[in-house]
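Remarks on the structure that follows.
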Amino acid sequence: MKKRSAAVVIGAMIAVLLILTIGVSAADQAARLTVEIGSNDYEGDLKAEGLLIDIYRVGVQKPEGGIAFDEAFGDLAEFGELSEEELAERVDELGQEAAKIALAADTKATPRLQGWKLSEPTEDLEPALYLVLAYGSDIREKSKTVTREDKTESFVTIAHSDRFEYRFLPVLVPVNGNFDQEPKAVLKPEQADLYGQLKIVKELLTYDDIVPVTFVFSVEGELNGENVLSDVAAVTLSKAGTGEARIKHIPAGTEVTVKEIYSGAQYDDKSEEPVQTVTVEAGEEAEVTVTFTNDHNENETHSSGIINHFESLEHGGWGWYKDGELQKKKDE
């Protein structure tokens with residue numbers, strides 16, 4: 001006998017539970033909804049970041065069968081005419097489309113409950129089908145579209161901790177007060193690394209006005225006792241003033257140690273800290289900065305340099321970079 005998928009079972013459950021509400025008054029059916037995280041590995045981290053819950057009423061069961069969607073979710077009408085089996089097959093799609101409507105810039109949908117706290121039962125809700133969305137209290141954009149490993153796209157809401165992004169699929173849950181246990185929505189977040197970047201600033205007090213000078217830095221990064229970054233960076237200047245180099249896509253929380261390893265014979269390090277250690281913060285625009293200062297020492301021996309850098313390419317193989325420019329590709 002062929003087993004039904006989890007999505008089919010959940011969809012069938014939603015249809016059955018909604019049917020059971022017919023013929024019973026809303027007062028008798030009112031119930032409280034509890035929202036929980038399905039993995040204990042994440043719960044403390046997410047609570048610390050102020051995870052919030054919005055709950056929308058999407059629709060109710062029609063006496064003749066199917067779902068009567070609320071006005072704000074009227075664009076989902078095609079789902080309301082589906083059979084129990086068809087609804088079960090498309091329940092994930094229904095959740096995705098309902099979430100997109102709820103979070104659209106011009107939405108007419110209003111949360112029945114907004115900013116609810118995790119694991120605290122709600123006030124009584126009338127029998128209906130509800131959409132549950134979770135997001136971080138410090139998130140400017142609650143949602144995004146992500147590409148999964150199988151190349152499909154999913155609409156998710158998000159929350160951040162210091163190191164990770166948590167992604168939540170929309171959850172549809174029927175509320176019905178006839179059951180011994182209060183209804184529960186279980187969130188199953190996916191965890192993804194967050195990244196930041198490092199900026200190295202070179203401050204040159206005096207320049208000898210003959211040839212450009214290149215300053216080279218070693219950059220080592222450690223996260224949870226593991227070396228996750230080993231690189232070099234360079235800043236070339238042809239006048240007094242400042243220059244900078246950046247290293248991007250460093251895992252958030254990485255402790256990065258930067259040391260100047262080459263400055264040419266003419267320039268002495270005048271930095272207060274010749275070796276500097278910083279912790280990378282999360283965010284595409286977030287960056288931590290270290291600053292090194294040099295001055296001309298009256299030595300007339302001129303020197304310069306280039307930086308050769310090898311790194312793996314996105315589609316396999318290796319690339320040779322010189323002073324930040326790709327020079328040659330080589331397949332593995």
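These numbers were taken from a predicted model, which means no experiment stands behind them. Each residue takes its place number in the sequence, starting with 1.
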Please step through salt bridge (Lys or Arg N to Asp or Glu O under 4.0 Å) for the pair Lys188 and Glu36, ending with a clear verdict.
CA-CA 9 Å; Lys188 296 182 179 180; Glu36 296 180 352; over 6 Å; no

Say whether [X] and [Y], considering side chains only, have a donor N or O and an acceptor N or O under 3.5 Å apart.
{"X": "Thr157", "Y": "Ser143", "value": "no"}
{"X": "Ser271", "Y": "Thr293", "value": "no"}
{"X": "Thr122", "Y": "Arg32", "value": "no"}
{"X": "Ser230", "Y": "Glu220", "value": "yes"}

Following the transitive rule for hydrophobic clusters with a side-chain heavy-atom cut-off under 4.5 Å over Ile, Leu, Val, Met, Phe, Trp and Tyr, establish whether [X] and [Y] coincide in one cluster.
{"X": "Ile139", "Y": "Leu51", "value": "no"}
{"X": "Ile158", "Y": "Ile37", "value": "no"}
{"X": "Trp116", "Y": "Tyr130", "value": "yes"}
{"X": "Leu172", "Y": "Phe69", "value": "yes"}
{"X": "Val258", "Y": "Ile250", "value": "yes"}

Closest approach of [X] and [Y], non-hydrogen atoms and distance?
{"X": "Ser161", "Y": "Tyr166", "value": "OG-CE1, 3.8 Å"}
{"X": "Ala185", "Y": "Val171", "value": "CB-CG1, 4.1 Å"}
{"X": "Leu103", "Y": "Tyr56", "value": "CD2-OH, 4.2 Å"}
{"X": "Ala286", "Y": "Glu281", "value": "CB-O, 4.0 Å"}
{"X": "Ala240", "Y": "Leu205", "value": "CB-O, 3.7 Å"}

One pair to check against salt bridge (Lys or Arg N to Asp or Glu O under 4.0 Å): Glu71 and Lys108. What are the steps and the verdict?
CA-CA 8 Å; Glu71 181 180 358; Lys108 296 179 181 178; 5.5 Å; no

Among Val278, Thr277, Val219, Leu229, which residue satisfies the side-chain contact (heavy atoms from CB on, under 4.5 Å) criterion with Thr257?
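Output: one option passes, namely Thr277.
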
For a side-chain contact (heavy atoms from CB on, under 4.5 Å) with Val175, tell me which candidate from Ile55, Asp124, Leu125 qualifies.
Leu125

Would one find more than 12 heavy atoms of other residues, nucleotides or ligands at under 6.0 Å from atom NZ of Lys259?
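Open: at most 12 neighbouring heavy atoms sit under 6.0 Å from NZ of Lys259.
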
Around atom CD of Glu255, are there more than 12 heavy atoms of other residues, nucleotides or ligands at under 6.0 Å?
no

Give, for atom CD of Gln197 and atom CZ of Arg246, the distance between the pair rounded to the nearest 0.5 Å.
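Answer for the CD-CZ pair, Gln197 versus Arg246, is 6.0 Å.
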
Leu194 vs Arg163, side chain to side chain contact (heavy atoms under 4.5 Å, CB included): CA-CA, chis, key distance, verdict
CA-CA 6 Å; Leu194 287 174; Arg163 283 192 53 203; over 6 Å; no

Derivation and outcome, side chain to side chain contact (heavy atoms under 4.5 Å, CB included), residues Val213 and Thr236:
CA-CA 6 Å; Val213 57; Thr236 299; over 6 Å; no

Ring pair (Phe, Tyr, Trp, His ring centres under 6.0 Å), paired with Phe292, selected from Tyr262, Phe217, Tyr267, Phe215
Phe217

Would Glu89 and Leu87 count as a side chain to side chain contact (heavy atoms under 4.5 Å, CB included) here? Give the steps.
CA-CA 5 Å; Glu89 294 285 356; Leu87 175 61; over 6 Å; no

Under 6.0 Å from the ring centre and within 45 degrees of the ring axis: does the NZ or CZ of Lys142 meet both conditions for the six-membered ring of Tyr135?
yes

Qualifying residue for side chain to side chain donor-acceptor pair (under 3.5 Å) with Ser154, from Gln96, Arg148, Arg167
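Among the candidates, only Arg148 passes.
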
Side chains of Val132 and Val173, heavy atoms from C-beta outward: is any pair under 4.5 Å?
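Side-chain contact under 4.5 Å: yes.
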
Any side-chain heavy-atom pair from Thr289 and Val201 closer than 4.5 angstrom?
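Yes; the side chains approach each other to less than 4.5 Å.
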
Could you go step by step and tell me if Lys144 and Glu153 meet the salt bridge (Lys or Arg N to Asp or Glu O under 4.0 Å) rule?
CA-CA 10 Å; Lys144 65 193 297 186; Glu153 292 186 341; over 6 Å; no

Residue pair Leu131, Leu133: steps toward the side chain to side chain contact (heavy atoms under 4.5 Å, CB included) verdict
CA-CA 7 Å; Leu131 171 69; Leu133 301 177; 4.0 Å; yes

Mind running salt bridge (Lys or Arg N to Asp or Glu O under 4.0 Å) on Arg57 and Asp70 for me, showing each step along the way?
CA-CA 7 Å; Arg57 199 186 94 153; Asp70 291 358; 2.9 Å; yes

